[in-house]
Engineer: 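Structure provided below as C-alpha cells; questions to follow.
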Amino acid sequence: MSSPHIREWSVAGAIAALCLAMALLAPGYFRAENLSAMLLANVPVLVIAIGMTLVILTAEIDISVGSMFAVLSVATGVLAKAGLPIGLVALAACLAGAVLGSLNGGLVAYLRVPSIVVTLAAMVALRDALRWATQGAWVDGLPLKFQWFGLPQSFYPVIALLIAGALVGGAAWALRNLAAGRAVYATGSNPEAARLAGLDTRRIVFSVFTLSGALTGLAALLNAARFSQVPSNSGLGLEMKVIAAVVVGGTAITGGKGTIFGTAFGVVLLGMVGPALTFLGINAYWEKAIQGGIILAAIVTDASRFRFPLRGRKHASSTAATSA
C-alpha cells in the first residue's frame, strides 16, 4: 500500500466495517429506500466538498458554504417558480454561486484578509440577509416540471449519482494530470516557492474560491429539485459536515495534501453514521459526537505522521528534491 493512499484505504476500511456491522445488527439499513435517501441527502454534500477540497488544498478555508447554499437554494426555488427553464435555472445557480465565491476569493487573495475572517463574515451576513428577505417563509409551489428535473422520481437518484460521479472523476483527473491541478497543490504546500516558480498564487486562490461557489450553486440546484418547496433555513451546519468530510478523507488542513477520492470516502463514511444510529435505536445527538471523534482521530493520525515521518519517506523526498 503506497503511503499517499493510506488514508483513502483506511476510510474505505471503516466504511466496510460499518457496513458489516449494520448487516449483522440491522439488515433493514440496506433497503433500497434507505440507501436512496442517504444518496440524495449526501450528493449535495459531496458536490460542495469537492470545491472545499480545492480551497483547503491551497491552505485556506471557507465556512460560508452553508449560508451560501441556503441563499442559492432559495434563489433557485424563486427562479423555478417564476417559470424559467431548468437549464437557465441551473446556469443562474452556478453563476450566482461563482459570484459569491469570487467575493470571498477576492478578499482573501488580493486584499490578504484571512479566509477564516472573510468567510465567517460572509456566513453571518448571508444567513441574516436571507432571514430578513424571506422573513422565515419557505419557497413553495415549485412546478412539477422542475421537481426531479421533470423526470420520474425513480430516475433522479441515478441522475444525481451520475452528476456526482462525473464531478469526482473529473476533479480527481484534473488535479492529477493538469498543470492547474498541480499548481493548487504547490500553492498550498509552499506559496513562496510556488511564486518563485512563476505561479500566480493569488489567482489560484481566487479561482478555487470561485469554483467552490459555483459547485455550491450546483448543489443547491440538486437539493431544491428534490422537493416541492425550499426551506429558508437550508444548510444549517452544512459547512462543518463538508469540512469534516474533507479532513477525514485525508486532506491536510494546512494545505498541499489530499485527494478528491479521499473526500468522497469521507462523505460516504460521515453520511452513513446518522442513519446507522437511527436503525440501531441510538439517540441522534450522538451523531455529532461520533463525527467529532472521527475527525479528531484523522487529525491525530496526520499529526503523528508529520511528527514521526518514516525514514524511507524522508529519503525519497530529499532524493526527489535533489533530482528536481
Side-chain angles (χ1 to χ4, degrees), residues 1-12 46-62 65 94 98 101-102 104-106 108-110 112 115 164-216 218 242-243 245-267 298 302 305-306 309-310 312-324:
M1 186 187 306
S2 61
S3 59
H5 301 291
I6 288 177
R7 176 61 64 78
E8 288 89 333
W9 283 108
S10 299
V11 179
L46 176 57
V47 172
I48 299 174
I50 293 171
M52 185 66 74
T53 302
L54 300 178
V55 170
I56 294 179
L57 282 174
T58 62
E60 304 293 348
I61 195 76
D62 186 350
V65 291
C94 292
S102 68
N104 287 340
V108 173
Y110 295 107
R112 306 293 188 182
S115 56
L167 288 172
V168 168
W173 180 88
L175 279 176
R176 184 179 180 86
N177 296 285
L178 296 184
R182 294 191 292 272
V184 170
Y185 281 110
T187 298
S189 296
N190 192 327
E192 184 60 29
R195 282 193 293 270
L196 293 175
L199 296 177
D200 187 345
T201 56
R202 292 182 299 178
R203 186 182 66 179
I204 292 167
V205 170
F206 175 80
S207 298
V208 296
F209 271 96
T210 302
L211 182 56
S212 177
L215 289 172
T216 303
L218 176 59
V242 169
I243 294 171
V246 174
V247 173
V248 167
T251 300
I253 201 71
T254 52
K257 172 183 172 293
T259 67
I260 297 295
F261 286 121
T263 291
F265 284 142
V267 171
D302 278 343
R305 288 176 62 194
F306 281 114
L310 296 178
R313 191 186 308 154
K314 289 178 67 178
H315 175 71
S317 299
S318 60
T319 302
T322 303
S323 301

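The residues of the chain are indexed from 1 along the displayed sequence.
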Engineer: If you round to the nearest 0.5 Å, how far is CG of L54 from OG1 of T187?
Structural biologist: 11.5 Å
Engineer: Output the distance between atom CG (N104) and atom CD1 (I61), rounded to the nearest 0.5 Å.
Structural biologist: 12.0 Å
Engineer: Ignoring hydrogens, what is the shortest heavy-atom contact between L215 and G51? Give both atom names and the distance.
Structural biologist: CD1-N, 3.5 Å
Engineer: Heavy atoms only: give me the nearest L199-A186 pair and the separation to one decimal.
Structural biologist: CD1-CB, 3.8 Å
Engineer: Just so I know, are the side chains of Y185 and R176 near enough to count as touching, which here means a heavy-atom distance under 4.5 Å?
Structural biologist: no
Engineer: If you round to the nearest 0.5 Å, how far is CZ of F265 from CD of E8?
Structural biologist: 7.5 Å
Engineer: Taking all heavy atoms of I260 and all of V168, pick out the closest pair and write down the distance.
Structural biologist: CG2-O, 3.7 Å
Engineer: Do T251 and T259 have side-chain heavy atoms sitting under 4.5 Å apart?
Structural biologist: no
Engineer: Has the side chain of R202 got a donor or acceptor atom that lies under 3.5 Å from a matching backbone atom of G106?
Structural biologist: no
Engineer: Check A264 against L46 and note the closest heavy-atom contact, atom names and distance.
Structural biologist: CA-CD1, 3.8 Å
Engineer: Are any non-hydrogen side-chain atoms of S115 and F209 less than 4.5 angstrom apart?
Structural biologist: yes
Engineer: Looking at side-chain heavy atoms only, is the closest gap between L57 and V208 below 4.5 Å?
Structural biologist: no
Engineer: Are S102 and F206 side-chain neighbours, meaning at least one heavy-atom pair lies under 4.5 Å?
Structural biologist: yes
Engineer: Provide the closest heavy-atom pair for A194 versus T201 in the form atom of the first, atom of the second, distance.
Structural biologist: CB-CG2, 3.8 Å
Engineer: Counting heavy atoms not belonging to R203, are there more than 12 under 6.0 Å from its CZ?
Structural biologist: no
Engineer: Drop me the distance from D62's CG to S212's OG, to the nearest 0.5 angstrom.
Structural biologist: 5.5 Å
Engineer: Taking all non-hydrogen atoms of both residues, which atom of I56 and which atom of A252 are closest, and how far apart?
Structural biologist: CG2-O, 3.4 Å
Engineer: For the pair R182 (side chain) and N177 (backbone), establish whether a donor and an acceptor sit closer than 3.5 Å, ignoring hydrogens and angles.
Structural biologist: yes
Engineer: Do L218 and L167 have side chains that get closer than 4.5 Å, going by heavy atoms?
Structural biologist: yes
Engineer: Contact between T263 and I50 at the side-chain level, heavy atoms closer than 4.5 Å - yes or no?
Structural biologist: no
Engineer: Less than 4.5 Å apart, side chain to side chain, heavy atoms only: is that true for L178 and W173?
Structural biologist: yes
